Peer 1: 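Dropping a structure here in structure tokens format, bear with me for questions.
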Amino acid sequence: MPAASLPLHDPDSRGFASDNYAGVHPEVLEAIALANGGHQVSYGEDVYTEHLQEVFRGHFGEQAQAFPVFNGTGANVVALQAMTDRWQAVICADSAHIHVDECGAPEKVAGLKLLTVSTPDGKLTPELIDRQAYGFDDEHRAQPAVVAITQSTELGTCYTPEEIRAIADHAHSLGMKLYVDGARLANAAATLDVPLRAFTTDAGVDVLSFGGTKNGLLLGECIVVLNPDAVHSIKYLRKSAMQLASKMRFISVQFEALLGTDLWLRNARHANDMARRLYAAVKDVPGLEIPRTVQANQVFAVLPKEVTERLQKRFRFYTWNEHTGEVRWMTCFDTTESDIDTFAAAIAEELAAA
Ligand SMILES: Cc1ncc(COP(=O)(O)O)c(C=O)c1O
């Protein structure tokens, strides 16, 4: 019997702050329950983690190897550490999660130097990469070894398969490797309407993280190695970075629920559709500016600060840039059409009152 005081929140209340605010998709919870009971070998030697390898190979090709971890920061830190040596560096956009949102973990835990480049839309290009891809062989400069991109990006944009191919070719021609932070890889696949491998394996990506938490899991991400020559010591690095789950079957079975069916795509499509619905509902509202293309499950908007403050009393969402007044509205697999319509109406109402 659960404690009589549960639940402690209103299970019907949803906001627009983050896809991390959402709960667990019922099909995932069901899969966890099915994997429960009895004993299984710990630390990844269970049948669920073994079967997961087949599932990932089905999406990413025969050479793919999946390493489940607890969270996205852990996936980034372990993967980047496995792709580099102590004197090497990672080139990334200055808006990259690894640079702005991981409390310096890539520097502190992985001991990496991040070489950042400013971008107009969160996306790197071969030309932008060249702003930091120099000094090879110069012992005074941390050696650029990896290009890290995010798909879909922190600014809600998506790379096309051709753009990723161009980055991979460029990185490889300079002796570097390509890593993709795929915390929202599913959202990008839904937008591009192509299989996952079309813009990863087939585009020359060496290693990626596949995000589960934002797409309906309770918790869990996977590092996916597509090019085994691009990494070293990954299993030791995962453990020493405290990302080796003892009861790994419960992370793996969640990914089985997501990627062993079309749930990953259903969830991502739905979240993206809800962002597009919100965009369509507010784009012509006087006083509101939408400064970025809506390509995944995020809508960015600029509106007067006092309107933001009033709206934030009614709905959860984050101010993205205090200076410009830009805010971020994020949709999830469980956002409903009526959530969007209510929110859009509130935005129009608050702007009209301003
Ligand atoms: C682009 C990106 N990468 C990685 C992460 C992983 O974060 P966490 O360590 O909170 O799971 C996030 C979470 O917001 C993200 O947006």
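Just follow the structure's listing: the first ligand is 1, and inside any ligand the first atom is 1. Throughout, residue positions are numbered sequentially from 1 according to the sequence presented. Since we're looking at a predicted model, the values are computed, not measured.
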Peer 1: What protein heavy atom lies closest to atom 14 (O) of ligand 1? Include the residue and the distance to one decimal.
Peer 2: Lys214 NZ, 2.7 Å
Peer 1: Quick check: Trp329 with Phe343 (ring centres under 6.0 Å apart)?
Peer 2: yes
Peer 1: What is the closest protein heavy atom to atom 5 (C) of ligand 1, and at what distance does it sit?
Peer 2: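 Result for atom 5 (C) of ligand 1: His97 CE1, 3.3 Å.
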Peer 1: With Val194, which residues qualify under side chain to side chain contact (heavy atoms under 4.5 Å, CB included), at least two apart?
Peer 2: Leu192, Ala198, Phe199
Peer 1: Donor-acceptor pair, distance only, cut-off 3.5 Å: does the side chain of His170 make one with the backbone of Ala166?
Peer 2: no
Peer 1: Under 4.0 Å, counting heavy atoms only: does Asp181 come that close to any atom of ligand 1?
Peer 2: yes
Peer 1: Give the numbers and elements of all ligand 1 atoms closer than 4.0 Å to a heavy atom of Asn71.
Peer 2: 9 (O), 11 (O)
Peer 1: So is Thr150 polar-close to ligand 1, meaning N/O to N/O under 3.5 Å?
Peer 2: no
Peer 1: Suppose we measure from atom 6 (C) of ligand 1 to each protein heavy atom; which comes out shortest, and what is that distance?
Peer 2: Gly72 CA, 3.3 Å
Peer 1: Provide, to 0.1 Å, the distance between atom 16 (O) of ligand 1 and the closest protein heavy atom, together with that atom's residue and name.
Peer 2: Arg184 NH1, 3.1 Å
Peer 1: With a heavy-atom distance limit of 4.0 Å, tell me whether Glu154 approaches ligand 1 through its side chain, its backbone, both, or neither.
Peer 2: side chain
Peer 1: Going by side-chain heavy atoms closer than 4.5 Å, which hydrophobic residues are tied to Met248, directly or by a chain of links?
Peer 2: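 Noted: Met248 shares its cluster with Tyr43, Leu244.
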Peer 1: Within 45° of the ring axis of Tyr134 and under 6.0 Å from its six-membered ring centre, is that where the NZ or CZ of Arg141 lies?
Peer 2: yes
Peer 1: So is Gly74 polar-close to ligand 1, meaning N/O to N/O under 3.5 Å?
Peer 2: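 No - when backbone and side-chain N and O of Gly74 are compared with those of ligand 1, no distance drops under 3.5 Å.
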Peer 1: Taking the six-membered ring of Phe300 as reference, does the NZ or CZ atom of Arg292 fall below 6.0 Å from its centre and within a 45° cone about the axis?
Peer 2: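 Positive - Arg292 is close enough to the ring of Phe300 and near enough to its axis.
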Peer 1: If you have a sec, work out which protein heavy atom is nearest atom 9 (O) of ligand 1 and how many Å separate them, to one decimal?
Peer 2: Thr73 OG1, 2.6 Å
Peer 1: Apply the test salt bridge (Lys or Arg N to Asp or Glu O under 4.0 Å) to residues Arg269 and Asp262: give CA-CA distance (whole Å), side-chain angles for both, the deciding distance (0.1 Å), then the verdict.
Peer 2: CA-CA 11 Å; Arg269 274 198 182 131; Asp262 66 350; over 6 Å; no
